[in-house]
Amino acid sequence: ASVAAWTTDSYEKMKRAAVNRERLIIWDDDGCDMVYYPYQRADLAKLPASARNFELVFLEATENTKADVIGYSGTMGFGYFTALRTGGYVNPNRFADANQPWRNAVNEFAATGKDALDLATDFARRNKKEIFLSLRFNDNHDNGHPAIMLSPFKIDNPEVMVGHGRKVKCCGRNAADFAQEKVRAFVKKYMCGYMENYDLDGIEFDFFRHPQLFRTVALGGHATAEELATMTQLMKDFRAMAEEIGRKRGRPFVLCARVPDSFDYCRAIGIDLDAWLRAGTLDFLVVGGYFQLEPWRKTAEKVHGYGVKCYASLDETRIPQIVKRQKGKMLPGRNDKSCWIARIAAAMACGMDGVNLFNIEYFKHDDQRYIMQHDIRDLDGLDKIYFGTYVGGGGYLPQSFLVGGKDFWKTTGVNPAFPEKLATGASHLFEIIFGDDLAAAKRKGKTAKVEVRVLTDLKGATLPTVKVRGKALADGTQKEGLATFIADDATFIKGENAVEIIAPVAMTLHDISVRVTFR
């Protein structure tokens, strides 16, 4: 009995230490580095499959950085498991494209005795980082490319898809319906395979890529009370499985989930976050993604109320692609390093415990290293570009996954994907989250130039009125619809800043940025 008590106590201590470990930067690997090998690395194309060559595709970008966790994704829409011991499948004929300089290299690497998750784990261990499996439950890519991405599970069980025999009003028609027991059983089976066969530190349940769970929602409704209870029970089952297997291996699993940042929106699509957190199913939460519904501070405070850490998911912006397709107008910089530093600083200023960097693995490795090489708790002195809106465009909108989803949008901003027409004298009020304490930076000998740029369709020298925290900016200049104002050190404070743009005549508001350049 005393030995059993000691063992239990030791495990609980390890679990508390694992849960409370400081994690500031989580870097998500898209999981395409083996099925699209060697993506964007033509220099590796003719070289033999090797562990180092695999790492050079994506993982290398995290070397010698402050990224604490590598989240490795190997699933897409209930298929394409690049981890070979999960009971899933790998089809080397899929993902092949003769017109592209990459290939499905799963079998090549399997011949070396290592699969993708093995290699990612080895890399993480060698670089003293944690390795989390990122499980995408209803990734929507198989909806757009069913011929090469539809999984055998769905082919063999077509009735599990939300659009089977019905026309969906939102979501991807090939998404799996979690109301069906066989879907939940399949998910539990391959999750068990991951936990039993790989040396993982944790698992992220990715419900944002993509946020679709039930046929009820796909057909235009909201998740029912029964469906909410079903998902809550599934999360409890996941926790129980992780505890059982963790105790057997003598080391706990840390569990987190990536979800939309609105509790109300989550509930409408089938995720009862209040119930999940009350039941202790998760050790921390990652919120947000390709759209943001609530102010960061509000979400962080609510999650913290359950005694759980909260991380902001900062996803690659899709706004430039949308604006270009629409032949619209926008300010440059949303994919610049200085913009990513601004986004991180803004999230931390709102009380987040860290950030999750999603889909930046395709950026230049040097740019990624710059983004991840700093202590994100103090980014004063680094150049930044803040925007009124960073994400939200194309098919990645709240209404894409819930009829009426745009009604849950509680954030305001300026999004060039949706330019706003203002009548004479009309105004647009929103917030810009500022991550700098310019007074503190100045005390450290770092002074900054702060430029506010507003892009409209105004002609000549006519300027819009721009107020920050109720005070109008002065001495602006304008050229071809771009108004520029120089703000002083006291204009913006760290945190939320109310900004109002007032139209002098009828105009279209396209974009706004705040550029902070340190000298």
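The chain is numbered in sequence order, starting from 1.
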Polar contact flag, side-chain donor to acceptor under 3.5 angstrom, Asp436-Tyr386: yes
Backbone of Val403 reached by a side-chain donor or acceptor of Lys406 within 3.5 Å: no
Electrostatic pair Lys494:Asp437 at N-O distance under 4.0 angstrom: no
Non-hydrogen side-chain atoms of Asp367 and Tyr370 separated by less than 4.5 Å: no
Residue pair Val254 / Arg23, side-chain heavy-atom distance below 4.5 Å: yes
pair Glu500-Phe430: side-chain heavy atoms closer than 4.5 Å: no
Over 12 non-hydrogen atoms of neighbours within 6.0 angstrom of CG in Asp375: yes
Qualifying residues under side-chain contact (heavy atoms from CB on, under 4.5 Å), relative to Asp199, sequence neighbours excluded: Thr121, Arg125, Arg249, Arg251
Trace of the side chain to side chain contact (heavy atoms under 4.5 Å, CB included) decision for Arg258 with Arg209: CA-CA 9 Å; Arg258 179 171 175 258; Arg209 187 75 161 173; 4.0 Å; yes
Whether Phe387 and Tyr390 hold their rings parallel, tilted or perpendicular, with breakpoints at 30° and 60°: perpendicular
Backbone N/O of Leu455 and side chain of Asp511: donor-acceptor pair under 3.5 Å: no
Matching residue for Tyr265 among Phe208, Phe291, Trp409 - test: ring pair (Phe, Tyr, Trp, His ring centres under 6.0 Å): Phe291
Residues Glu55 and Arg52 bridged, charged N to O under 4.0 Å: yes
Test item: Asn335 and Phe363 side chains (from C-beta on) under 4.5 Å apart, heavy atoms: yes
Separation between CD of Glu361 and CG of Leu357, rounded to the nearest 0.5 Å: 10.0 Å
Value rounded to 0.5 Å, distance of CD1 in Ile269 from CD1 in Ile271: 4.0 Å
Check against side chain to side chain contact (heavy atoms under 4.5 Å, CB included), Val454 and Ile501: CA-CA 9 Å; Val454 181; Ile501 298 177; 4.1 Å; yes
Audit row: Asp118, Phe123, side chain to side chain contact (heavy atoms under 4.5 Å, CB included) steps and yes/no: CA-CA 9 Å; Asp118 288 323; Phe123 175 88; over 6 Å; no
Heavy-atom closest pair, residues Gly351 and Ala300: O-CB, 4.0 Å
Would you list the atom pairs, donor with acceptor, under 3.5 Å between side chains in residues 440-451 and any protein atom, with sequence neighbours excluded?
unit_1	atom_1	unit_2	atom_2	d
Lys442	NZ	Asp489	OD2	3.3
Lys444	NZ	Asp378	OD2	3.3

Flag side-chain contact, heavy atom, 4.5 Å: Leu458 against Gln478: yes
Row check, Phe205 ring normal vs Arg136 NZ/CZ: under 6.0 Å, within 45°: no
Atom CG of Asp43 with >12 non-hydrogen neighbours under 6.0 angstrom: yes
salt_bridge(Glu63, Lys128) N-O dist < 4.0 Å: no
Ring geometry between Phe434 and Phe492 (parallel below 30°, tilted from 30 to 60°, perpendicular above 60°): parallel
Heavy-atom side-chain proximity of Ile203 to Met195 below 4.5 angstrom: yes
Aromatic ring proximity Phe207/Phe137, centre distance under 6.0 Å: yes
Electrostatic pair Asp261-Lys302, nearest N-O below 4.0 angstrom: no
Interatomic distance, Asp68 atom CG to Met372 atom CE [nearest 0.5 angstrom]: 11.0 Å
Can you give the donor-acceptor pairs under 3.5 Å from side chains of residues 414-421 to other protein atoms, not counting sequence neighbours?
unit_1	atom_1	unit_2	atom_2	d
Asn415	OD1	Ala417	N	2.9
Asn415	ND2	Gly392	O	2.7
Glu420	OE1	His428	ND1	2.8

Any donor-acceptor N/O pair, Asp383 side chain to Phe518 backbone, under 3.5 Å: yes
N/O donor-acceptor pair under 3.5 Å between Thr411 side chain and Pro295 backbone: no
Short side-chain to backbone donor-acceptor contact, Thr62 and Ala67, under 3.5 Å: no
Within-4.5 Å side-chain heavy-atom neighbours: Trp27 and Thr65: no
Partner residues of His365 under the side-chain contact (heavy atoms from CB on, under 4.5 Å) criterion, sequence neighbours left out: Arg41, Glu60, Ala61, Gln368, Arg369
side-chain hydrogen bond (donor to acceptor under 3.5 Å, both in side chains) between Tyr396 and Asp315, intermediate numbers included: CA-CA 11 Å; Tyr396 298 97; Asp315 293 26; over 6 Å; no
Spacing of CG belonging to Leu285 relative to SG belonging to Cys266, to within rounding of 0.5 Å: 8.0 Å
Worked verdict on Ser262 versus Asp264 for side-chain hydrogen bond (donor to acceptor under 3.5 Å, both in side chains): CA-CA 5 Å; Ser262 162; Asp264 291 338; 5.1 Å; no
Gap separating the OG1 atom of Thr508 from the NE2 atom of His510, nearest 0.5 angstrom: 5.0 Å
Cys350 to Ile433 - nearest heavy-atom pair and separation: SG-CG2, 3.5 Å
Salt-bridge contact Glu22-Arg377 (side-chain N to carboxylate O under 4.0 Å): yes
From Asp29 atom CG to Ile70 atom CD1, the distance as rounded to the nearest 0.5 Å: 8.0 Å
Distance-only polar pair, side chains of Asp28 and Tyr72, donor-acceptor under 3.5 Å: no
Donor on one side chain, acceptor on other, Tyr290 and Arg318, under 3.5 Å: yes
By side-chain contact (heavy atoms from CB on, under 4.5 Å) - contacts of Val57 (at least two apart): Asp33, Tyr37, Pro38, Tyr39, Leu44
Distance-only donor-acceptor check, side chains Ser338 and Asp336, under 3.5 Å: no
Side chain to side chain, Cys310 and Val287, heavy atoms closer than 4.5 Å: yes
Backbone N/O of Arg515 and side chain of Ser513: donor-acceptor pair under 3.5 Å: no
Pair Asn140, Gln212: side-chain N/O donor-acceptor within cut-off below 3.5 Å: yes
Pairs flagged by salt bridge (Lys or Arg N to Asp or Glu O under 4.0 Å) wherever residues 281-299 is involved - sequence neighbours left out: Arg239-Asp283, Glu294-Lys298, Arg297-Glu496
Side chain to side chain contact (heavy atoms under 4.5 Å, CB included) evaluation trace for Phe485 with Arg453: CA-CA 6 Å; Phe485 302 85; Arg453 300 179 176 185; over 6 Å; no
Donor-acceptor pair, side chain of Thr232 and main chain of Leu228, under 3.5 angstrom: yes
